[in-house]
Amino acid sequence: MDKPKKSMTEQEKESVIQRLWLTYYNDTLYEKGVITEEERNKMRVAIKTRNTSRRR
């Protein structure tokens with residue numbers, strides 16, 4: 001039997017969108033030579049593990 005799909009909360013959606021934008025900017029900075037590969041990789045880890053429960 002199929003499990004019902006869990007709907008994302010607005011906070012979860014916002015978190016995903018923020019992570020996508022941060023990853024895009026991080027990759028763009030690397031591609032343009034603004035940051036090194038090491039800096040890009042450190043930022044990837046930071047983006048992936050960041051706590052998004054804080055509200056603005």
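Excluded from the calculations below are hydrogen atoms, water molecules and symmetry mates; all remaining heavy atoms, backbone and side chain alike, are included. Quick note: residue numbers are just sequence positions, from 1.
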Requested in this report: Any chance you could pull the hydrophobic cluster mates of Tyr30, using side-chain heavy atoms under 4.5 angstrom and chaining through other members?
Outcome: Leu29, Val34, Ile35

**Report entry** Remaining members of hydrophobic cluster (4.5 Å side-chain criterion), Ile17
**Finding:** Trp21, Tyr24, Tyr25

Query raised in the report: What's the spacing between Asp27 CG and Lys32 NZ if we round to 0.5 Å?
Result: 12.5 Å

Query raised in the report: Between Lys13 and Glu10, does at least one N-O distance fall below 4.0 Å, as a salt bridge requires?
Result: yes

Query raised in the report: Got a second to check how far Thr28's OG1 is from Arg40's CZ, nearest 0.5 Å?
Result: 11.5 Å

Query raised in the report: Is there a donor in the side chain of Thr23 and an acceptor in the side chain of Arg19, or the other way round, less than 3.5 Å apart?
Result: no

Query - Pairwise distance OG1(Thr36) to NZ(Lys42) - rounded to 0.5 angstrom - result: 8.0 Å

Query raised in the report: To which residues is Val16 joined in a hydrophobic cluster, defined by side-chain heavy-atom contacts under 4.5 Å among Ile, Leu, Val, Met, Phe, Trp and Tyr, whether direct or through other members?
Result: Met8, Leu20

Query - Heavy-atom side-chain contact between Ile47 and Gln18 under 4.5 Å - result: no

